[in-house]
S.K.: 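Sharing a structure here in C-alpha cells format.
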Amino acid sequence: MASAKQVLVVDDNVDMVESLSALLQCQGYETAAAHNGYEACDAVRDAMPRAIIMDLGMPWMDGFGAVRAIRRMPGAQSLPIIALSGSADCDSAKKAVAAGFTQHFSKPLNFDHLNQYLSSLS
C-alpha cells in the first residue's frame, strides 16, 4: 500500500513532472511519476496513491481516458484526481469534472492553491 502522502504526477512534459515533483517533495509528499495515461493506470494498479495530478493533453492515452480507466479500478472511485490543463475556461473545468476528475487547475499552475487543496484532503 502506498504512503498516505504519495502523489502520482502524470504529464508527458518531463520537466513539468520533475519540477512539480520537487515542489511536492519540499512540502513533505512522496511522489511517483508517469508520462501518459497508460503509465498512470499501471502506477495506480501497482500502488494506490493518496492523490493524482494529471495533465489532460497527453499522447497515447489522454487524461480523460486515464481518469475513466482509473475510476473503474477497485478502490479508486473516491481517489482525488486533479486535472491540469492549459485551458483556464469554465468549460474545460466542467468537462474535467464530468469525466471523473475531482478538481481542475489550469497551467501555469498556482502551486499554493494546489498545495492548499492537497492539504485539505488529509
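Sequence positions, counted from 1, serve as the residue numbers for this chain. If you're wondering where the values come from, they're calculated on a predicted model, not measured in any experiment. Just the heavy atoms: all of them, side chains too, but no hydrogens, waters or symmetry mates, feed the values below.
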S.K.: Do Leu114 and Leu23 pass the side-chain contact (heavy atoms from CB on, under 4.5 Å) test, and can you show the C-alpha distance, the side-chain angles, and the key distance before you say yes or no?
M.R.: CA-CA 11 Å; Leu114 173 66; Leu23 287 168; over 6 Å; no

S.K.: Hey, are the side chains of Ser85 and His104 touching, using non-hydrogen atoms and a 4.5 Å cut-off?
M.R.: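 Yes, at least one pair of side-chain atoms sits under 4.5 Å.
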
S.K.: So which heavy atom on Ala34 is nearest to which on Ala40, and how close?
M.R.: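 Closest heavy-atom pair between Ala34 and Ala40: CB-N, 3.6 Å.
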
S.K.: Enumerate the salt bridge (Lys or Arg N to Asp or Glu O under 4.0 Å) contacts for residues 31-42, please, sequence neighbours excluded, ordered by first and then second residue.
M.R.: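 Matches after skipping sequence neighbours: Asp42-Arg45.
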
S.K.: Using side chain to side chain contact (heavy atoms under 4.5 Å, CB included) as the criterion, list what pairs up with Asn115, not counting sequence neighbours.
M.R.: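 For Asn115 the side chain to side chain contact (heavy atoms under 4.5 Å, CB included) partners, ignoring immediate neighbours, are Gln27, Tyr29, Phe111, Ser119.
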
S.K.: Which pairs, with at least one residue in residues 57-80 and sequence neighbours excluded, count as a salt bridge (Lys or Arg N to Asp or Glu O under 4.0 Å)?
M.R.: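 Of all non-adjacent pairs touching residues 57-80, none passes salt bridge (Lys or Arg N to Asp or Glu O under 4.0 Å).
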
S.K.: Looking only at atom types and distance, does a side-chain atom of Thr102 sit under 3.5 Å from a main-chain N or O of Ile81, one as donor and one as acceptor?
M.R.: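 Yes, the answer is positive, given that a donor and an acceptor are paired below the 3.5 Å cut-off.
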
S.K.: A side-chain contact here means heavy atoms from C-beta on lying under 4.5 Å apart; do Asp55 and Met16 qualify?
M.R.: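 SC-SC contact between Asp55 and Met16 ruled out.
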
S.K.: Could you check if a side-chain atom of Pro49 sits within less than 4.5 angstrom of a side-chain atom of Val7, using non-hydrogen atoms only?
M.R.: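 No, too far: nothing below the 4.5 Å cut-off.
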
S.K.: For Ala66 versus Gly37, what's the shortest heavy-atom pair and its separation?
M.R.: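 What the structure gives for the nearest pair is CB-CA, 3.7 Å.
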
S.K.: To the nearest 0.5 Å, how far apart are CG in Leu84 and CD1 in Ile53?
M.R.: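 Going from CG on Leu84 over to CD1 on Ile53, the span is 6.5 Å.
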
S.K.: Return the minimal non-hydrogen interatomic distance between Val17 and Ala33, and the atom names on each side.
M.R.: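 In terms of heavy atoms, the two residues are closest at CG1-CB, 3.5 Å.
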
S.K.: State plainly whether one hydrophobic cluster holds both Met73 and Val10, where clusters connect Ile, Leu, Val, Met, Phe, Trp and Tyr through side-chain heavy atoms under 4.5 angstrom apart.
M.R.: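 Per the 4.5 Å side-chain linkage, Met73 and Val10 are co-clustered.
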
S.K.: Does some side-chain heavy atom of Leu24 sit less than 4.5 Å from a side-chain heavy atom of Leu118?
M.R.: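 Side chain of Leu118 against side chain of Leu24, heavy atoms only: contact under 4.5 Å found.
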
S.K.: Test of understanding: with side chain to side chain donor-acceptor pair (under 3.5 Å), list the residues that count as partners of Ser21, not counting sequence neighbours.
M.R.: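 With sequence neighbours excluded, Ser21 shows a side chain to side chain donor-acceptor pair (under 3.5 Å) to no residue whatsoever.
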
S.K.: Please find the pair of heavy atoms, one from Met48 and one from Pro74, that lie closest to each other, and give the distance.
M.R.: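 In terms of heavy atoms, the two residues are closest at CE-O, 3.6 Å.
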
S.K.: Return the set of residues passing side chain to side chain contact (heavy atoms under 4.5 Å, CB included) with Tyr38 (not counting sequence neighbours), or none when no residue passes.
M.R.: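 Side chain to side chain contact (heavy atoms under 4.5 Å, CB included) check on Tyr38 returns Asn36, Trp60, Met61.
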
S.K.: For Ile82 versus Phe101, what's the shortest heavy-atom pair and its separation?
M.R.: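 In this case the closest contact between Ile82 and Phe101 is C-CD2, 3.7 Å.
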
S.K.: Can you tell me which residue pairs pass the salt bridge (Lys or Arg N to Asp or Glu O under 4.0 Å) test with a partner in residues 7-20, sequence neighbours excluded?
M.R.: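 Applying salt bridge (Lys or Arg N to Asp or Glu O under 4.0 Å) to every pair that reaches into residues 7-20, excluding sequence neighbours, yields Asp11-Lys107.
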
S.K.: Residues two or more places apart in sequence or in another chain: which of them pass side chain to side chain contact (heavy atoms under 4.5 Å, CB included) with Asp46?
M.R.: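 Scan of Asp46 (side chain to side chain contact (heavy atoms under 4.5 Å, CB included), adjacent residues dropped) gives none.
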
S.K.: In chain order, what residues pass the side chain to side chain contact (heavy atoms under 4.5 Å, CB included) check against Ala32, with sequence neighbours excluded?
M.R.: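 Checked Ala32 against side chain to side chain contact (heavy atoms under 4.5 Å, CB included); matches are Gln6, Leu8.
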
S.K.: How many angstroms lie between CG in Leu121 and CZ in Arg50, if you round to the nearest 0.5 Å?
M.R.: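 The CZ atom of Arg50 is 5.0 Å from CG of Leu121, to the nearest 0.5 Å.
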
S.K.: Is the shortest side-chain heavy-atom distance between Ile70 and Met54 below 4.5 Å?
M.R.: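 Yes, their side chains come closer than 4.5 Å.
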
